[in-house]
Amino acid sequence: MREGLRIAIFASGTGSNAQALIEKMQSLGGQIEFVLTDKPHAGVLERAQALATMSYVVEKKTDRAAHEQEILKLVDEHQIDWILLAGYMRLLSANFLKALADRHEGRAQVVNIHPSLLPDYPGAGSLEKAFADKVEFSGVTLHLVDEGMDTGPIIQQLPLALKEFTSFADFKAGMHRLEHQIYTEFLEKIIVGQIPTNYFKETAEC
Ligand code: GRF
């Protein structure tokens, strides 16, 4: 296990991915440094508390730059190495990502999980849209974050055949399970040091 690696999770919603990540980290003998949300009533706060994990609510009260500045302050105070987005419903600005990259040898080290096989169905409502379109396969994507909407370089994708599901609720649950799997496996790779130090440089140049 890499000593002293500090990971933050940003989430805006119910937080099932955040919970899976917190539990994985704890099973590896570590702790997620903090969970950050922009929504004061987000379900993720209860999940973090139940798992004895520190959380912050940083609402966007004024402009975007001020909001991101407040977040950067926390990231710096906690010396965060990685930010894992798990249903965080805000885009991060190029300035914010650059500020992070400046702290990490040119790599922002922000990752996102998305419930579609990107570049198909970016943005909100991707599960509903794919199900309504009766696509043969959907799936989940783990990708690096840039300033676009689900546009950063893809790290890994796992497909899921829709024929396995009879209802939208089942499909959604299956997709969540897959998200938790791919994200916790990635977290473990970070923690045990399987992500090479030049990983992002090479990935970004692909
Ligand atoms: C997940 O489907 C994630 O891929 C997307 O937002 C959803 C968050 O779900 N970005 P949860 O809050 O982790 O349950």
Side-chain angles (χ1 to χ4, degrees), residues 7-27 32-51 53-60 71 82-92 96-97 108-133 135 137-162 164-165 167-188:
I7 295 167
I9 298 172
F10 290 9
S12 304
T14 57
S16 71
N17 279 282
Q19 179 176 340
L21 290 166
I22 293 169
E23 287 174 343
K24 170 56 93 176
M25 191 73 180
Q26 291 177 345
S27 78
I32 292 294
E33 188 68 16
F34 65 77
V35 168
L36 181 141
T37 184
D38 56 329
K39 304 272 183 235
H41 303 295
V44 70
L45 290 169
E46 275 179 31
R47 293 191 196 241
Q49 193 183 14
L51 290 163
T53 300
M54 193 188 321
S55 58
Y56 292 104
V57 178
V58 184
E59 281 186 88
K60 184 173 168 290
I71 295 171
W82 293 79
I83 296 173
L84 305 182
L85 305 186
Y88 187 62
M89 300 302 280
R90 287 187 183 283
L91 294 180
L92 300 175
F96 180 85
L97 293 167
Q109 307 204 158
V110 185
V111 174
N112 184 41
I113 186 91
H114 185 76
S116 79
L117 295 176
L118 292 171
D120 292 346
Y121 303 108
S126 50
L127 286 173
E128 289 80 358
K129 287 174 198 161
F131 195 77
D133 286 351
V135 295
F137 285 96
S138 184
V140 303
T141 303
L142 197 65
H143 68 96
L144 291 177
V145 171
D146 63 14
E147 65 272 30
M149 172 80 82
D150 302 321
T151 49
I154 290 171
I155 298 169
Q156 192 186 353
Q157 293 184 305
L158 285 180
L160 195 65
L162 260 74
E164 291 176 27
F165 305 99
S167 69
F168 177 70
D170 285 349
F171 166 60
K172 192 173 171 184
M175 289 285 279
H176 274 304
R177 279 195 297 276
L178 205 58
E179 287 189 324
H180 302 167
Q181 179 194 327
I182 195 172
Y183 224 172
T184 55
E185 284 174 4
F186 182 74
L187 175 63
E188 185 160 9

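Read the numbers this way: they start at 1 and go in the same order the structure lists the ligands and their atoms. None of the values given here were measured: they were computed from a predicted structure. Here, residue 1 is the first one in the sequence, and each next residue gets the next number.
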Check: Looking only at N/O atoms, are Ile113 and ligand 1 under 3.5 Å apart anywhere?
Finding: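 Yes.
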Notebook entry, point to check: Counting both backbone and side chain atoms, is some N or O of Gly15 under 3.5 Å from an N or O of ligand 1?
Noted result: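 The answer is yes, given that Gly15 and ligand 1 share an N or O pair closer than 3.5 Å.
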Next item on the list: Taking the side chain as every heavy atom from C-beta outward, state whether Glu188 and Thr184 have any atom pair closer than 4.5 Å.
Entry: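 Glu188 does not reach Thr184 side chain to side chain.
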Notebook entry, point to check: Which atoms of ligand 1 sit under 4.0 Å from any heavy atom of Thr14?
Noted result: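 Ligand 1 atoms under the 4.0 Å threshold to Thr14: 11 (P), 12 (O), 14 (O).
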Let me confirm one number: the [atom1]-[atom2] distance from [X] to [Y], rounded to the nearest 0.5 Å.
| X | Y | atom1 | atom2 | answer |
| --- | --- | --- | --- | --- |
| Tyr121 | Asp133 | OH | CG | 3.5 Å |
| His143 | Gln156 | NE2 | CD | 13.0 Å |
| Asn112 | Ile155 | CG | CD1 | 9.5 Å |

Checklist line | Mode of Glu179 contact toward ligand 1 - side chain, backbone, both, neither (heavy atoms, under 4.0 Å) | finding: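 Side chain only.
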Next item on the list: Return the orientation label for the Phe34 and Tyr56 ring planes: parallel under 30°, perpendicular over 60°, tilted otherwise.
Entry: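 Rings of Phe34 and Tyr56: perpendicular, as their planes differ by over 60°.
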Margin query: Parallel, tilted or perpendicular, judged at 30° and 60°: which one describes the rings of Phe186 and Trp82?
Written below: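 If you compare the ring of Phe186 with that of Trp82, the planes turn out perpendicular.
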Next item on the list: Starting from atom 7 (C) of ligand 1, find the nearest protein heavy-atom neighbour and note its residue, name and distance.
Entry: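 Its nearest protein heavy-atom neighbour is Gly87 CA, 4.2 Å.
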Check: Should one rank Ala20, Ser16, Pro115 by closest heavy-atom distance to atom 5 (C) of ligand 1, which comes out on top?
Finding: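 Ranked by closest heavy atom to atom 5 (C) of ligand 1, first place is Pro115.
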Margin query: Does the residue Ala11 have a heavy-atom contact with ligand 1, meaning some pair of atoms that are separated by less than 4.0 Å?
Written below: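 Per 4.0 Å heavy-atom rule, Ala11 does not contact ligand 1.
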Notebook entry, point to check: Should His176 be listed as contacting ligand 1, given a heavy-atom distance under 4.0 Å as the test?
Noted result: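 Within the 4.0 Å threshold, so yes.
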